[in-house]
Amino acid sequence: MTVQGPIRTELAPGRRRALLRQVERKLLWLSAWMIHNANHLRPNRDGLKVGGHQASCASCISIMAALYFEILRPQDRVAVKPHAGPVFHAINYLLGRQSREKLGTLRQFGGIQPYPSRTKDGPEVDFSTGSVGLGVALTTFGSLVQDYVHLHGMARPEMPRGRHVAIVGDAELDEGNIYEALLEGWKHDVRNVWWVVDYNRQSLDSVVPDRLFGRIEGLFRDMGWNVVTLKYGRRLEAAFARPGGEALRRWIDDCPNSLYAALTFQGGAAWRNALLAELGREPGVRAILDPLSDDELAALMTNLGGHDSETLIEAFRAQDAEGDQPTCFIAYTIKGMGLPFAGHKDNHAGLMTKEQMESFRAQMRIRPGHEWDPFEGLEATEAELAAFLAGTPFAATLAPEGRRLAAPRVQVPDSIAPPRVAPGRKLSTQAAFGDILAEIGRGQGEAAELARHIVTTSPDVTVSTSLGPWVNRRGIFDRHMKNDVFRDAKLASAQRWGMAPEGQHVELGIAEQNLFLVLSALGLSHDLYGARLLPVGTVYDPFVNRGLDALIYACYQDARFLLVSTPSGLTLAPEGGQHQSVNTPLIGIAQDRLASYEPAHADELAVLLRHAFHHMQQPDGSAVWLRLSTRALAQPERALDPAAVIAGGYWAVPPAAGARIAIAYQGPVAPEAMEAFEALRAEEPGAGLLAITSPDRLHAEWLAARRARREGRGRAPSTIERLLAPLAPGAGLVSVLDGHPAAHAWMGAVRGQRLVPLGVDRFGQAGDLPDLYREYRLDTDAILDACAEALLPA
Ligand SMILES: Cc1ncc(C[n+]2csc(CCOP(=O)(O)OP(=O)(O)O)c2C)c(N)n1
Ligand SMILES: [Mg+2]
């Protein structure tokens, strides 16, 4: 059942506030009940604690209620702090966008995820959250991409720019990626971003230090943000205005966070003791405190800005009127507000006991059996509450298709030609990438539409990853026109770096997490802003690791982009061990929703680039990753089967039926493999040479085929099974790549053949390729030694 769409009627502002407070009560109840239900009302079959965060939810009820029911408009996009997921789902339930049945499935298989998930929780989730800090930063880049779409004339005419709002846990501000994003946002003059900090001064383990926020506030201001601090609610402000009130304010201002939290937990009597002990002789103070019951005193002392809907709404509205300057609201709150463990430092994962839940139920006036009823226990009539909900701006429909927009696909030419290489000239995959993209950048013929929708981005390695010629053709994106000073002064440079709103390259500072967050935002543009972009991000392969959590996060959200990581592996020879990537092929295999490739030659690269632009637009597609190199190789003349390159491998030289041995290579070690193969063939004429373009795709298809067979959904062999079938059952297979050998080692299990995997399993070091290939056993001799080993009788 969903809440029925009610009839719109106008409500007086005062009445709306009263109804909002009732809705807050409902959100507090529903979020706590969802978590309670998950923990206590379902059979526990494995003895594991289910968990949940009732205190984190309670902390931000008023903030979220004020935003969703008064401030947000349909075009706004929100990242909800991970542990407030249940509040978010309860809000959608009240708005008729979430079903009652689903609310009961929190943390259950197939049910609502603990932390809001775009891919699993449906179209209401704008940004997934969970790994703290990333969702917050993503709002900045989402806003930038929204501007990009508008400035390129790709936005829907009827859809205005929305604000990007993050509801932020205060501990999230310890994550470094937040500051990287702040700095990058400042450079790009990002607008329309609000971060609302649920400042409960508690994280998971403890109460946070008192002086921290002064520092953080200063940082925001330095980055051009407005900072609005909402420390006290209306009732406390009223008390401060009375005689003795200033002393009370001073006392609270000076009260250490941990003492304040402890008194909150202890309640009214403890507040009175503490206040009287320190302020009892201050004129006027007793007149404020004495008339209040313990409960009233506790309510007064916890009347913080983040729990006072009028304070919140007034501040949001005032900021709204100011314009589009990025704004950080620091809303003071109490973790667990309204629940028995309010303020307790250990409450992060605390759950109400069954007894506590029963008394909470009584307090909320919920009858047994009516726990999920949307209006149960509230004073207002159902009709009035329904009218209130219908009157919230956010309840309006964003687009006919809902909050997840549809964008037409971009036409990709049937094939993309590899660069022409003069006979005898060698070419690296990185150079070929630059050439192909530059050619697309001419925007000629069939590639015109493709060229318009590509957006490139790079963390300060634009030129060194070969994007320069593309950028020269398509320009750098900036919200404002900025001339290229060098060009204007007629100083020679290969790069033309004028910036303009119509530019198609987003130049980033060096922080790799920002790269992946920008790719996330660009790669969700079709869903969020209704315009399909084809993002291409370049980075040095070893530094994928530096942004890895943000890359995983992008994939988790099903963002669609092309990652080009180059140069890679030992081929960065003179750069030494910190620049030579080893583990990236394994990341490529392990990462879901990311199809990873390492071509050796330019013709393969051209096939894969075309595939990437196509694949990232398919409903069942994914992001694509190409691992490239600066090692120039002689280019073969041949007709390639694109499907084989895309599937992950093909026989460069097919083996004879029943062959005893084959060599498999991946990427820029192709010449060593080919040379070893020629020597091997002299003795083993039936030997085969296998070109691997993607151990990831081969492995994924192998698993999928086995799954299909197990489940009776067809018996077709996977590509790797087909490829290895001609070899003798006990054949030897030597595999080699410039990366960790485990990327290939699994192939021995496909048909039980004897695989000797060569690759790099230790830190690299500076050198030239002959030295390094010898040291790390990737050279021709090592491959031949491995062949001998593979041919030894078992
Ligand atoms: C990157 C990352 N590190 C650690 C965690 C585990 N964790 C979840 S919540 C949390 C503390 C959250 O505190 P805060 O952001 O203040 O949220 P609130 O107090 O509102 O619950 C931690 C450490 C996580 N989810 N993500
Ligand atoms: Mg906190």
Does a side-chain N-to-carboxylate-O contact under 4.0 Å join [X] and [Y]?
X	Y	value
Arg163	Asp320	yes
Asp147	Arg191	no
Glu124	Lys102	no
Asp527	Arg118	yes
Arg317	Glu310	no
Glu70	Arg17	yes

Can you tell me if Gln319 has over 12 outside heavy atoms packed within less than 6.0 Å of its CD? yes
Quick check on Gln411: does its CD atom have over 12 non-hydrogen neighbours (other residues, nucleotides or ligands) under 6.0 Å away? no
Quick one about [Y] and [X] (side-chain donor to acceptor, distance below 3.5 Å, no hydrogens or angles considered), yes or no?
X	Y	result
Asn347	Gln202	yes
Ser59	Asp198	yes
Glu449	His453	no
His615	Ser622	yes

Not counting sequence neighbours, which residues clear salt bridge (charged side-chain N to carboxylate O under 4.0 Å, His left out) with Glu371? List them please. Arg361
In sequence, state the C-alpha distance, the side-chain angles, and the governing distance for Arg100 and Glu376, and then conclude on salt bridge (Lys or Arg N to Asp or Glu O under 4.0 Å). CA-CA 14 Å; Arg100 176 180 185 146; Glu376 172 78 0; over 6 Å; no
4.5 Å side-chain heavy-atom contact, [X] and [Y]:
X	Y	result
Ile552	Gln591	yes
Glu24	Leu27	no
Leu67	Val78	no
Phe613	Ile454	yes

If the test is side chain to side chain contact (heavy atoms under 4.5 Å, CB included), which one of Leu30, Ile61, Leu378 qualifies with Arg25? Leu378
For Trp625, the option from Leu563, Val564, Asp696, Leu562 that meets side chain to side chain contact (heavy atoms under 4.5 Å, CB included): Leu563
Mind running side chain to side chain contact (heavy atoms under 4.5 Å, CB included) on Tyr115 and His53 for me, showing each step along the way? CA-CA 10 Å; Tyr115 313 116; His53 304 89; 3.4 Å; yes
Any idea how Trp194 and Phe316 line up, ring-wise: parallel (<30°), tilted (30 to 60°), or perpendicular (>60°)? parallel
Using the six-membered ring wherever Trp is involved, compare the ring planes of Phe360 and Trp29 and label them parallel, tilted or perpendicular (cut-offs 30° and 60°). tilted
To check you understand the geometry: which heavy-atom pair defines the closest contact between [X] and [Y], and what is its length?
X	Y	answer
Thr139	Ala166	CG2-CB, 3.9 Å
Ala399	Leu405	CB-CD2, 3.5 Å
Thr392	Tyr68	OG1-O, 3.4 Å
Ile35	Gly51	CG2-O, 4.0 Å
Trp372	Tyr93	O-OH, 2.6 Å

Centre of Trp702's six-membered ring, under 6.0 Å away, within 45 degrees of the axis: is that where NZ or CZ of Arg706 sits? yes
